[in-house]
Amino acid sequence: MGRYQWGDYMSIRCQSFIKAMEQWAPLSYAEEWDNPGLQVGDRQKEIHKVLVALTPDEAAAEEAVRVGADMLLTHHPLIFKPVKQISSDNALGRTLLKLIRNDINFYCAHTNLDIAAGGVNDVLAAALGLQQVAPLADIAREICYKVVVYVPAGYEESVRQVMCQAGAGFVGNYSNCTFQVRGMGTFLPTEGCKPFLGELGRMEYADEYRLETIVPQKALTAVIQAMEKVHPYEEVAYDVFRLENGGAKRGIGRVGRLAQPMSFAEFLTFTGKQLQCPHLAYQGALEKQIQTVALCGGSGVSYLRAAQKAGADVYVTGDVKYHDAQAASELGLCVVDAGHFGTERLIVQTLAEFAEKQGVEAVIFEEEDYIQHWHNDIAAL
C-alpha cells in the first residue's frame with residue numbers, strides 16, 4: 001500500500017471528480033459491451049479519500065473500508081451485466097453490500113481508459129521506452145462539431161481565446177485553429193431588449209466577425225459556456241454543426257519503436273524488469289532482432305494481425321492461449337504474454353496521481369497477481 005503526497009488535501013464533489021475523469025477518458029470511447037462509469041454511489045457526495053485498485057474485488061472493498069475511503073476507483077468494472085439480485089451468497093453481492101453499507105462510491109474506467117491518451121496502453125508503451133508511438137488499431141473517429149459565432153468588431157480576439165482555452169481549435173498537432181471573416185450584421189431591438197449596440201425600435205447595422213472553429217464532443221458544452229460568458233451581446237448568435245469527417249482517430253493498443261534494437265532474449269529480460277513480471281510466456285526465436293513493438297494491455301490477442309500489419313517484430317499483451325501463440329508463429333510474429341495483470345498494473349499509479357491532482361488523498365491497494373499463468377522463467381535466459 002502506498003500514497004502520493006501532492007500537498008494539502010481537500011475534497012471534491014463526486015460529480016466534479018467524474019467530470020474531470022471523463023474529460024480524460026470519455027465514456028463514449030468505451031466498447032459497446034463495456035460498462036464503465038459510476039456503478040455505486042451518490043454523485044453529490046463529497047470525496048476526501050480515494051482507494052485506487054486494478055480490480056474491484058472483496059479485498060479491495062475491505063481495504064476501502066479500512067482506510068476510510070469515500071470512493072473506490074478501479075480500471076476493471078464490478079458490474080458488466082444487469083444484476084438480478086444482491087446477496088451475500090456470492091462475491092459480487094458481498095462486494096456491493098460492503099460498498100453500499102459503508103457509503104463508498106465506486107467508479108471504474110475500463111476500455112475508455114485503454115483508448116484514451118495517457119491511459120493504459122500509453123502507460124505500457126512508456127514503460128517499454130517506445131518512441132514514435134501510434135494507435136495499433138483504429139476503433140473510430142472522435143465526434144467533432146464546427147461552432148460558428150458572430151462577434152462585434154473589437155471582441156473577436158477575446159472570444160477566440162476563451163473558446164480555444166476551453167478545448168476548441170485542435171486539428172492534429174495544431175492548436176488555436178480558427179477562421180474568421182469580417183461582415184455586416186443586422187438586428188432590430190424590440191421591446192424588453194437591453195441591446196449592447198443600437199436603440200430600441202431602430203435597425204442596427206453592426207460591424208461583426210464570423211468566427212468558426214472545430215470542437216470535440218467532449219469539450220462542446222465547456223466551449224459554448226466560455227464563449228457566452230465573454231460575448232458582449234445580450235443574445236448570442238451562434239451555430240453548431242456536426243462534422244461528418246470527424247476528428248482524431250481513436251485507437252486501441254499502441255505500436256512504436258525501441259531506441260535501439262535488441263535480441264528477443266534481451267527484450268524478454270527488459271520487459272520483465274520494466275513490468276515487474278518475474279515470469280513471462282513467450283513465442284518466438286530468441287535470437288530474432290526486435291525494434292518495432294506492438295502492444296495491448298489486458299486481453300489483446302484479437303489484434304495479432306493488426307500487429308503484423310503494423311510491421312511489429314513482437315507483440316506484448318496478456319491472456320495468450322496455446323492456439324493464439326501458434327497463430328502468431330504462423331504470422332512470423334514474436335509474442336510476449338506478460339499477463340492481464342502485468343500489462344495493466346501500471347495504470348493504478350497513474351489513476352492515483354490523477355486523483356490527487358483533483359485535491360483528494362489517494363491510497364493504492366497493492367494487489368497480487370493471484371492467477372497462475374503458464375510461463376517461462378526469464379531469469380533462465
*asked:* Looking at Asp70 and Lys49, would you say the former's side chain and the latter's main chain have a donor-acceptor pair under 3.5 Å?
replied: yes

*To the nearest 0.5 Å, how far apart are OH in Tyr315 and CG in Leu331?*
12.0 Å

_Ile79/Asn35 under side-chain contact (heavy atoms from CB on, under 4.5 Å): CA gap, chis, key distance, verdict_ = CA-CA 7 Å; Ile79 303 171; Asn35 187 33; 4.2 Å; yes

*Side chains of Arg43 and Asn105: donor-acceptor distance under 3.5 Å anywhere?*
no

*Could you tell me whether the side chain of Asn112 and the main chain of His110 form a donor-acceptor pair under 3.5 Å?*
yes

_Can you tell me if Glu244 has over 12 outside heavy atoms packed within less than 6.0 Å of its CD?_
no

*Verify the cluster assignment for Leu258 and Leu275: are they in a single hydrophobic cluster under the rule of side-chain heavy atoms below 4.5 Å apart?*
yes

*Applying the side-chain hydrogen bond (donor to acceptor under 3.5 Å, both in side chains) test to Ser11, which of Glu361, Glu46, Lys45 qualifies?*
Glu46

_Pair Glu157, Gln161 - check side chain to side chain donor-acceptor pair (under 3.5 Å), show working._
CA-CA 6 Å; Glu157 183 60 17; Gln161 287 183 359; 3.1 Å; yes

*Out of curiosity, Tyr303 OH to Lys309 NZ, how far, rounded to the nearest 0.5 Å?*
13.5 Å

_If hydrophobic clusters are built from ILVMFWY residues whose side chains come within less than 4.5 Å, do Val159 and Val240 share one?_
yes

*asked:* Minimum heavy-atom separation for Leu280 and Cys277, please, with both atom names.
replied: CD2-CB, 3.9 Å

*Can you find a heavy atom in the side chain of Val148 that is under 4.5 Å from one in the side chain of Arg210?*
yes

*Determine, using the 4.5 Å side-chain heavy-atom cutoff (strictly less than), whether Val133 and Met262 are members of one ILVMFWY cluster.*
yes

*Going by distance alone, is a donor N or O of one side chain under 3.5 Å from an acceptor N or O of the other, for Glu344 and His76?*
yes

*Side-chain contact test, heavy atoms from C-beta onward, threshold under 4.5 Å: evaluate it for Thr317 versus Leu304 and give yes or no.*
no

*asked:* Would you say Ile224 ends up clustered with Val149 if hydrophobic residues are merged whenever their side chains have heavy atoms under 4.5 Å apart, either directly or through other cluster members?
replied: yes

*Among all residues two or more places apart in sequence or in another chain, which pass the salt bridge (charged side-chain N to carboxylate O under 4.0 Å, His left out) test with Glu208?*
none

*Taking only residues at least two apart or on different chains, which pairs with a member in residues 116-131 satisfy salt bridge (Lys or Arg N to Asp or Glu O under 4.0 Å)?*
Asp122-Arg254

_Verdict with reasoning, Gln132 to Arg257, per side chain to side chain donor-acceptor pair (under 3.5 Å)_ = CA-CA 6 Å; Gln132 303 172 36; Arg257 291 173 64 81; 4.7 Å; no

*asked:* Can you tell me how far apart CE (Met227) and CE (Met163) are? Round to the nearest 0.5 Å.
replied: 5.5 Å

*Taking Asp337 for the side chain and Val320 for the main chain, is one N or O donor matched with an acceptor at less than 3.5 Å?*
yes

_Quick check on the hydrophobic clustering: are Val223 and Val230 connected, directly or via other members, by side-chain heavy-atom contacts under 4.5 Å?_
yes

_Side-chain donor or acceptor of Trp24 paired with backbone N/O of Lys19 under 3.5 Å_ = no

*First locate atom CD of Glu287, then atom CD1 of Ile290, and finally report the distance between them rounded to the nearest 0.5 Å.*
10.5 Å

_Ser16 side chain vs Ile12 backbone, donor-acceptor pair below 3.5 Å_ = no

*Ignoring hydrogens and angles, tell me if any N or O in the side chain of Thr178 forms a donor-acceptor pair with the backbone of Glu212 under 3.5 Å.*
no

*Does Met184 sit in a hydrophobic cluster with other residues, and if so which ones, taking ILVMFWY side chains as linked at heavy-atom separations under 4.5 Å, directly or through other members?*
Leu188, Met203, Tyr205

*Would you check if the side chain of Glu234 reaches a backbone N or O of Lys194 as a donor-acceptor pair within less than 3.5 Å?*
yes

*Which pair of heavy atoms, one from Asn121 and one from Ile252, lies closest together, and at what distance?*
ND2-CD1, 4.1 Å

_Side-chain ion pair, Glu58 and Arg94, N-O less than 4.0 Å_ = yes

*Just say parallel, tilted or perpendicular for the rings of Phe17 and Phe354, cut-offs at 30° and 60°.*
perpendicular

_Under 3.5 Å donor-acceptor, Gln358 side chain and Ala20 backbone_ = no

*Quick one: are Pro189 and Glu199 in side-chain contact, heavy atoms under 4.5 Å?*
no

*Please check if the side chain of Gln274 supplies one atom and the backbone of Leu128 the other of a donor-acceptor pair under 3.5 Å.*
no

*Do Pro152 and Tyr233 have side chains that get closer than 4.5 Å, going by heavy atoms?*
yes

*asked:* I'd like to know whether NZ of Lys288 has more than 12 heavy-atom contacts from other residues, nucleotides or ligands below 6.0 angstrom.
replied: yes

*Evaluate the side-chain proximity of Phe170 to Ile214: yes if any heavy-atom separation is below 4.5 Å, no if none is.*
no

*Do you know which two heavy atoms are closest between Ile104 and Leu72, and how far apart they sit?*
CG2-N, 3.8 Å

*Decide whether Glu156 and Tyr150 meet the rule of one side-chain donor and one side-chain acceptor closer than 3.5 Å.*
no

*Evaluate the ring planes of Phe267 and Phe270, with Trp represented by its six-membered ring, and classify them as parallel (under 30°), tilted (30 to 60°) or perpendicular (over 60°).*
tilted

*Quick one: do Tyr29 and Glu22 satisfy side chain to side chain donor-acceptor pair (under 3.5 Å)? Show the steps, please.*
CA-CA 10 Å; Tyr29 284 14; Glu22 293 175 4; over 6 Å; no

*Between Ala30 and Thr111, what is the shortest heavy-atom contact and its length?*
CA-OG1, 3.3 Å

*Asp57 and Thr95: side-chain contact (heavy atoms from CB on, under 4.5 Å), yes or no, with the steps?*
CA-CA 7 Å; Asp57 55 17; Thr95 304; 5.6 Å; no

*Is it true that atom OH of Tyr155 has more than 12 heavy atoms of other residues, nucleotides or ligands lying nearer than 6.0 Å?*
no

*Do Val363 and Val52 pass the side-chain contact (heavy atoms from CB on, under 4.5 Å) test, and can you show the C-alpha distance, the side-chain angles, and the key distance before you say yes or no?*
CA-CA 6 Å; Val363 180; Val52 186; over 6 Å; no

*asked:* Could you measure the distance from the NZ atom of Lys218 to the CD1 atom of Ile143? Nearest 0.5 Å is fine.
replied: 12.5 Å

*Test Ile86 against Leu97 for side-chain contact (heavy atoms from CB on, under 4.5 Å), laying out the working first.*
CA-CA 7 Å; Ile86 299 176; Leu97 287 170; 3.8 Å; yes

_Working to the nearest 0.5 angstrom, can you tell me the gap between Asp313 CG and Leu333 CG?_
8.5 Å

*So do Pro26 and Gln217 actually touch side chain to side chain, heavy atoms under 4.5 Å?*
no

*Are any of the side-chain heavy atoms of Leu96 and Val40 separated by less than 4.5 Å?*
yes

*Can you find a heavy atom in the side chain of Leu268 that is under 4.5 Å from one in the side chain of Leu286?*
yes

*Nearest atoms (heavy-atom pairs only) where Glu204 meets Gly198*: OE1-CA, 3.3 Å

_Nearest non-hydrogen partners of Ala362 and Glu356, listed with the distance_ = N-OE2, 2.6 Å

*Is the backbone of Cys108 close enough, under 3.5 Å, to the side chain of His75 for a donor and an acceptor to pair up by distance?*
no

